[in-house]
Amino acid sequence: MKYWLMKSEPAEFSIDDLARVGREPWTGVRNYQARNFMRDGMRPGDGVLFYHSNCAVPGVVGLAEVASAAYPDPTQFDPRSDYYDPKSDPHDPRWLLVDIAFKRKLARTISLAELRADAERLGDFPLIRRGNRLSVLPVTAAQFRHILSLE
DNA sequence: GCCAACGTTGGC
DNA sequence: GCCAACGTTGGC
């Protein structure tokens, strides 16, 4: 079992949205490294820290889990979608996704600022590395436990 | 294969 | 809204 952190802009899709629908195909990832984590690393049941980005208080706001194996992201073939990719071949889809299932909301937001302040305990962590822009990234079991212990 | 230009991410 | 950091694109 592995652990991950997945970013979402709450104005687009928040932890409350996930709580309401229960389960969501993680559409729109258009970065190869993030895709590779979903395609090659994720297995159903893996733990996911749900992170709000590009908002007043960016941070971890909930707990989810990987709920499917990777499969092609349908939005890449939809010309009306913001995520349409005309260069993707339907016989060899470029973009994959997994379904994410809601587990619970955290009692409070564990902010990016707090995580930065705890950098020493967390060790090497892509989220708090300078200039990091990955929207899907791996978390070690120790980091996962530690972050939740801050709740 | 190099690299400048451009677009995007995302914190602040 | 600003801007640093980074990925992608395309000319050469």
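Residue numbers start from 1 in every chain, and the chains themselves are labelled A, B, ... in the order their sequence lines are given, proteins ahead of strands. Keep in mind the model is a prediction, meaning the values are calculated, not measured.
For the pair N132(A) CG and dA5(C) P, the interatomic distance rounds to 13 Å; values are reported in whole Å. Atom C1' of nucleotide dC6(C) and atom CG of L134(A) are separated by 10 Å, given to the nearest angstrom. The distance between atom CG of N54(A) and atom C1' of dC3(C), rounded to the nearest whole Å, is 13 Å. A straight line from CZ of R133(A) to P of dC12(B) spans 16 Å, rounded to a whole angstrom.
Shortest non-hydrogen contact noted between F125(A) and L5(A) is CZ-CD1, 4.3 Å. Heavy atoms only, all atoms of each residue included: I147(A) and L115(A) are closest at CG1-CD2, 3.9 Å. Of all heavy-atom pairs between E12(A) and D17(A), the closest is O-OD2, 4.2 Å. When all heavy atoms of I15(A) and H52(A) are compared, the pair lying nearest together is N-NE2, 3.1 Å. Residues S135(A) and V29(A) come closest through the heavy atom pair OG-CG2, 4.3 Å.
Less than 4.0 Å separates DNA chain B from no heavy atom of any residue of residues 26-38 of chain A. For DNA chain C, the residues of residues 121-130 of chain A within the heavy-atom distance limit of 4.0 Å (strictly under) are R130(A), sorted by number. For the segment residues 111-119 of chain A, the set of residues with a heavy atom within less than 4.0 Å of an atom of DNA chain B comprises L112(A), R116(A), in numerical order. In the region residues 74-99 of chain A, proximity to DNA chain C at under 4.0 angstrom, judged on heavy atoms, holds for K87(A).
The aromatic rings of W26(A) and F13(A) lie perpendicular to each other, with more than 60° between the two planes, well past the 30° mark.
Residue pairs meeting the side chain to side chain donor-acceptor pair (under 3.5 Å) criterion with at least one member in residues 141-151 of chain A, sequence neighbours excluded: R104(A)-E151(A), D118(A)-H146(A), R121(A)-H146(A), T140(A)-Q143(A).
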Could you go through residues 89-97 of chain A and list every donor-acceptor pair under 3.5 Å that involves a side-chain atom there, pairing it with any protein atom two or more places apart or in another chain?
residue, atom, partner, partner atom, Å
D89(A), OD1, H91(A), N, 2.8
R94(A), NH2, K87(A), O, 3.4
W95(A), NE1, D85(A), OD2, 2.8

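The residues D46(A) and R43(A) are annotated as not salt-bridged, no charged nitrogen and carboxylate oxygen being separated by less than 4.0 angstrom.
Taking the side chain as every heavy atom from C-beta outward, M38(A) and V66(A) never approach each other to under 4.5 Å.
For dG11(B), the OP1/OP2 oxygens have a side-chain nitrogen or oxygen of Y51(A) closer than 4.0 Å. Distances shown here put a side-chain N or O of K7(A) below 4.0 Å from the OP1 or OP2 atom of dG10(B).
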Step by step, would you call R30(A) with T75(A) a side-chain hydrogen bond (donor to acceptor under 3.5 Å, both in side chains)? CA-CA 11 Å; R30(A) 295 294 180 269; T75(A) 64; 3.0 Å; yes
What verdict does the side-chain hydrogen bond (donor to acceptor under 3.5 Å, both in side chains) test give for D99(A) and Y71(A), after you've listed the backbone C-alpha separation in whole Å, the side-chain angles of each residue and the deciding distance to 0.1 Å? CA-CA 9 Å; D99(A) 290 352; Y71(A) 63 96; 2.5 Å; yes
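In terms of hydrophobic clustering, with Ile, Leu, Val, Met, Phe, Trp and Tyr side chains grouped at heavy-atom distances under 4.5 Å, L148(A) and L137(A) are assigned to a common cluster.
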